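In what follows, a single structure is set out as structure tokens and then discussed.
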Amino acid sequence: MKELVEVIAKALVDFPDEVVVTETESEKTIVIKLKVAALDMGKIIGKQGRIAKAIRSVVKAAAAREEKKVIVEIQ
């Protein structure tokens, strides 16, 4: 999951070197934290949060195979 979020985020931003993705896993939940440069925050969130919602949807679909809940936090 971590690699998926990292690839998507780096493709969207102007400063791909500043993309940091961390993953914390428990029994039934995976928390993925995405940090980007302040100037790139708008590109990751998108108008009315559409890009952020799309990232979460893609990750949720990928996690369905593992039967775990995935939370994507954008910081």
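Remember, it's a predicted structure, so these values are computed and weren't measured experimentally.
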- Task: Could you walk me through whether I74 and R56 pass the side-chain contact (heavy atoms from CB on, under 4.5 Å) test, one step at a time?
- Result: CA-CA 10 Å; I74 300 171; R56 289 183 176 114; 4.1 Å; yes
- Query: Got a second to check how far E73's CD is from T22's OG1, nearest 0.5 Å?
  - Reply: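 The OG1 atom of T22 is 8.5 Å from CD of E73, to the nearest 0.5 Å.
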- Drop me the distance from E3's CD to E23's CD, to the nearest 0.5 angstrom.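 Reported value, rounded in 0.5 Å steps: 7.0 Å.
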- Message: Heavy-atom count check: over 12 atoms from other residues, nucleotides or ligands less than 6.0 Å from Q75 CD?
- Response: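 Buried by this count: over 12 neighbours within 6.0 Å.
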- L12 with V58, same ILVMFWY side-chain cluster at under 4.5 Å: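 Hydrophobic grouping puts L12 with V58.
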Please table the atom pairs, donor to acceptor, closer than 3.5 Å between any side-chain atom in residues 24-34 and protein atoms at least two apart or in another chain.
{"residue": "E25", "atom": "OE2", "partner": "K68", "partner atom": "NZ", "Å": "2.4"}
{"residue": "S26", "atom": "OG", "partner": "T29", "partner atom": "O", "Å": "3.2"}

- What pair of heavy atoms forms the shortest contact from A63 to V70, and how long is it?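 Nearest pair, atom of A63 first, then V70: CB-CG2, 3.1 Å.
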- Task: Could you pull out the closest heavy-atom pair between F15 and D40, with the gap in Å?
- Result: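 Nearest pair, atom of F15 first, then D40: N-OD2, 3.1 Å.
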- Query: Does the side chain of M41 reach to within under 4.5 Å of the side chain of V36, using non-hydrogen atoms?
  - Reply: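 A side-chain contact under 4.5 Å exists here.
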- Task: Name all pairs fulfilling the side-chain hydrogen bond (donor to acceptor under 3.5 Å, both in side chains) condition that reach into residues 4-14, sequence neighbours left out, sorted by first residue then second.
- Result: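 side-chain hydrogen bond (donor to acceptor under 3.5 Å, both in side chains) check on residues 4-14 returns E6-K10, D14-K43.
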